[in-house]
Trainee: 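Please find one structure pasted underneath; my questions will follow.
Atoms within a ligand are numbered from 1 in the order they appear, just like the ligands themselves.
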Amino acid sequence: MPKKEQRRLRIGVLGAGQIAQAAHFESCTKAANADLFAICDVADDLRERMAVTHGAAKTFADYDAMLADTDVEAVIIATADAFHVPASIRALEAGKHVLCEKPVGLTVKEAFDLARAVEASGRVFQVGHMKRYDAGLQAAKAFIDTEMGELVALKAWYCDSTHRYPMTDAVQPLIVTSANARKPSANPKADLRRYYMLAHGCHLIDTVRYFAGDIVSVEARLSERAGIWCWFVDVEFANGTLGHLDLTVAVRMDWHEGFQIYGQNGSILGKTFNPWYYKSSEVDIFREADGATHRVLGADGHFYRRQVEGFARTVLDGAPMTGADVHDGTASVRAMVAIARSVDEGRRVTLAEVTGGV
Ligand SMILES: NC(=O)c1ccc[n+]([C@@H]2O[C@H](COP(=O)([O-])OP(=O)(O)OC[C@H]3O[C@@H](n4cnc5c(N)ncnc54)[C@H](O)[C@@H]3O)[C@@H](O)[C@H]2O)c1
């Protein structure tokens, strides 16, 4: 493991549920420049068990009490989506840096409210789009930024698999649940169309924005047949790149995620794995300059730990943010709303139309 550095960010994790147990607790304990300092959850059984398992120095049942602790320097918000914005704003107002799970919010209005709070706070705020810490995607991004020249076209797909649970159950720790856990008043899975877009679509949108930048407009079609939700989205990027997205939940096959990018001086083909295998994407970068294909191994595929380290480097060392900031998170929410509206209204929708009133 990376050797622990002397100065480490003291992180408090809000929420001891699925994502915290599968990713954030271990990421904080393994991170070179951070520690799992505190765990906060209203569920006493869950919180205390996780504190013992992961060795957190302090535990809190009450979020405000954790925020009042001056030893806590930053928080990870690992709660249901509905709580992201209020919990983030409270943390920023308490002077904490924030790494918040995706999607950053449920509506454009609350994402804008959060963006204002981030600006007013002067604190570091990052969204948990951990795919930006996949070494394969980072190699693609470096090629795009330095050598690829004009981007011409980008296709990207994110197809969840009907076989995902046997796969993740095999590699994740046993997830401990509690009847005392706090859940949002409305069941997020009551509307699967919306739920799938928020849970999965935001990963796909952030990945393509990472590569090709801002999205200007979308034209989307949705098929709901045979228990499969399949969105095909034609995307117009601000830099003129032609874009096509395929979000399908769930394909009758293995996890199927990847991208193809064509540019002036080369092409990129990427295959991404189910994240819980912690395997960096296989990304083949063909360079016209030497007529050869290059592929980074990315031996360290712990995207979640690398995300915590990147966040901590920004907080502790003032390093430029390597993850998604609040504007990236907001742009993803706007794109998701635009896609939903395009499906409903059968027309191309510009992101400029999707304002805080939504
Ligand atoms: N990045 C990824 O790959 C990825 C994967 C899965 C889930 N997620 C995201 O992670 C988030 C959390 O999902 P989950 O399934 O772990 O949620 P969960 O509901 O299982 O766990 C959340 C926990 O937070 C606690 N909690 C909520 N509000 C609280 C409060 N105010 N004070 C104290 N405790 C509080 C609850 O009691 C619960 O135990 C979601 O936004 C989801 O989209 C991200």
Side-chain angles (χ1 to χ4, degrees), residues 12-27 38-51 59-68 75-91 94 98-106 110-111 126-134 158 160 164-165 168 171-189 194-207 255 257 272-278 301-308 311 323-324 329 332-333 336:
V13 177
L14 173 65
Q18 192 265 337
I19 189 67
Q21 292 180 41
H24 296 308
F25 294 151
E26 182 185 278
S27 295
I39 294 177
C40 174
D41 202 301
V42 289
D44 298 340
D45 47 349
L46 206 51
R47 181 185 69 247
E48 296 311 322
R49 182 162 167 184
M50 289 305 133
T59 62
F60 298 89
D62 176 35
Y63 184 44
D64 287 324
M66 179 164 86
L67 295 179
V75 296
I76 293 179
I77 312 282
T79 64
D81 303 349
F83 304 132
H84 288 180
V85 168
S88 294
I89 290 178
R90 266 155 71 192
V98 176
L99 171 60
C100 177
E101 260 305 337
K102 45 55 63 175
V104 73
L106 289 175
E110 67 167 1
Q126 189 172 318
V127 189
H129 283 299
M130 80 298 174
K131 289 177 190 287
R132 292 186 182 223
Y133 293 90
D134 177 325
Y158 179 117
D160 193 6
R164 73 175 306 187
Y165 289 110
T168 51
V171 292
Q172 284 184 346
L174 183 69
I175 303 299
V176 181
T177 57
S178 167
N180 305 316
R182 181 172 295 171
K183 300 285 176 192
S185 53
N187 174 10
K189 292 188 181 171
R194 184 164 184 264
Y195 175 75
Y196 290 148
M197 178 55 71
L198 289 166
H200 302 289
C202 78
H203 278 306
L204 178 63
I205 290 164
D206 188 67
T207 297
W255 186 272
E257 183 179 353
T272 295
F273 300 91
N274 179 318
W276 302 105
Y277 287 116
Y278 290 151
H302 205 310
F303 328 109
Y304 297 96
R305 193 206 83 248
R306 298 183 79 218
Q307 168 175 260
V308 167
F311 171 67
S332 285
V333 176
M336 289 189 285

Trainee: Using heavy-atom distances, let me know which of V127, L198, T79, D62 sits nearest atom 12 (C) of ligand 1.
Mentor: T79
Trainee: Counting non-hydrogen protein atoms only, what is the nearest one to atom 17 (O) of ligand 1? Give residue, atom name and distance.
Mentor: A80 N, 4.3 Å
Trainee: I'd like to check which ligand 1 atoms, numbered from 1 as shown, lie under 4.0 Å from a non-hydrogen atom of L46.
Mentor: 39 (O)
Trainee: What is the ring orientation for Y304 with W276, classed by angle as parallel under 30°, tilted 30 to 60°, or perpendicular over 60°?
Mentor: parallel
Trainee: Check if R47 has a non-hydrogen atom at a distance under 4.0 Å from any atom of ligand 1.
Mentor: no
Trainee: Can you tell me which residue and heavy atom of the protein come closest to atom 13 (O) of ligand 1, and the distance to 0.1 Å?
Mentor: I19 CG2, 3.9 Å
Trainee: Report yes if some N/O of K183 lies less than 3.5 Å from some N/O of ligand 1; otherwise report no.
Mentor: yes
Trainee: For P275, is the nearest heavy atom under 4.0 Å from an atom of ligand 1?
Mentor: no
Trainee: What protein heavy atom sits nearest atom 33 (C) of ligand 1, and how far off is it?
Mentor: V42 N, 3.3 Å
Trainee: Does the salt bridge (Lys or Arg N to Asp or Glu O under 4.0 Å) test come out yes or no for D206 and K131, once each step is laid out?
Mentor: CA-CA 9 Å; D206 188 67; K131 289 177 190 287; over 6 Å; no
Trainee: Nearest 0.5 angstrom please: I205 CD1 to M336 CE, how far?
Mentor: 5.5 Å
Trainee: With a cut-off of 4.0 Å, which atoms of ligand 1 are near a heavy atom of K102?
Mentor: 1 (N), 9 (C), 41 (O), 42 (C), 43 (O), 44 (C)
Trainee: Any luck finding a side-chain donor-acceptor pair between E48 and T59 under 3.5 Å?
Mentor: yes
Trainee: Taking a cutoff of less than 4.0 Å between a non-hydrogen atom of the residue and any ligand atom, is H203 in contact with ligand 1?
Mentor: yes
Trainee: Do the side chain of E257 and the main chain of T272 share a donor and acceptor less than 3.5 angstrom apart?
Mentor: no
Trainee: For residues H302 and E26, is any side-chain donor paired with an opposing acceptor at under 3.5 Å?
Mentor: yes
Trainee: Tell me whether ligand 1 is touched by F60 - counting only heavy atoms on the residue side and a distance under 4.0 Å.
Mentor: no
Trainee: Rounded to the nearest 0.5 Å, what's the gap from CD1 on I19 to CZ on F25? Could you check?
Mentor: 10.5 Å
Trainee: Would you say Y63 has any N or O atom under 3.5 Å from an N or O of ligand 1, going by distance alone?
Mentor: no
Trainee: Nearest non-hydrogen atom to atom 38 (C) of ligand 1 belongs to which of I175, V13, D41?
Mentor: D41
Trainee: Where the side chain of K189 meets the backbone of Y196, is there a donor-acceptor pair that is under 3.5 Å apart?
Mentor: no
Trainee: Kindly confirm or rule out an N or O of Y304 lying under 3.5 angstrom from an N or O of ligand 1.
Mentor: yes
Trainee: Looking at ligand 1, is there an atom of it that comes within less than 4.0 Å of some heavy atom belonging to H84?
Mentor: yes
Trainee: Quick one: pull up CG in L99 and CD in Q126 and give me the separation to the nearest 0.5 Å.
Mentor: 5.5 Å
Trainee: Tell me whether Q21 contacts the main-chain N or O of V176 through its side chain, where contact means a donor paired with an acceptor under 3.5 Å.
Mentor: yes
Trainee: Among H200, R182, M66, which one puts a heavy atom closest to atom 30 (C) of ligand 1?
Mentor: R182
Trainee: Looking only at protein heavy atoms, which one is nearest to atom 21 (O) of ligand 1, and what is the separation?
Mentor: G17 CA, 3.3 Å
Trainee: Could you check whether the rings of Y158 and H200 sit parallel, tilted or perpendicular, using 30° and 60° as the cut-offs?
Mentor: tilted
Trainee: Check ligand 1 against M130 and write out every atom of the ligand that is under 4.0 Å from a heavy-atom position of the residue.
Mentor: 1 (N), 3 (O)
Trainee: Please write down residue, atom name and distance for the protein heavy atom closest to atom 32 (N) of ligand 1.
Mentor: L14 CD1, 3.6 Å
Trainee: Kindly identify the option in A78, A23, A181 whose heavy atom sits closest to atom 22 (C) of ligand 1.
Mentor: A78
Trainee: Please list the nearest protein heavy atom to atom 44 (C) of ligand 1 with its residue and the distance rounded to 0.1 Å.
Mentor: E101 OE1, 3.1 Å
Trainee: Please report which non-hydrogen protein atom sits nearest to atom 41 (O) of ligand 1, along with the residue it belongs to and the distance in Å to one decimal place.
Mentor: D81 OD1, 2.5 Å
Trainee: Please state which protein non-hydrogen atom is closest to atom 24 (O) of ligand 1 and give its distance, to 0.1 Å?
Mentor: G15 CA, 3.2 Å
Trainee: Please report the shortest heavy-atom distance between P103 and H84, naming the atom on each side.
Mentor: O-ND1, 2.7 Å
Trainee: So, taking the atom named CG in L204 and the one named CE in M197, what distance separates them when rounded to the nearest 0.5 Å?
Mentor: 8.0 Å
Trainee: Side chains of V104 and V127: closer than 4.5 Å at any heavy-atom pair?
Mentor: yes
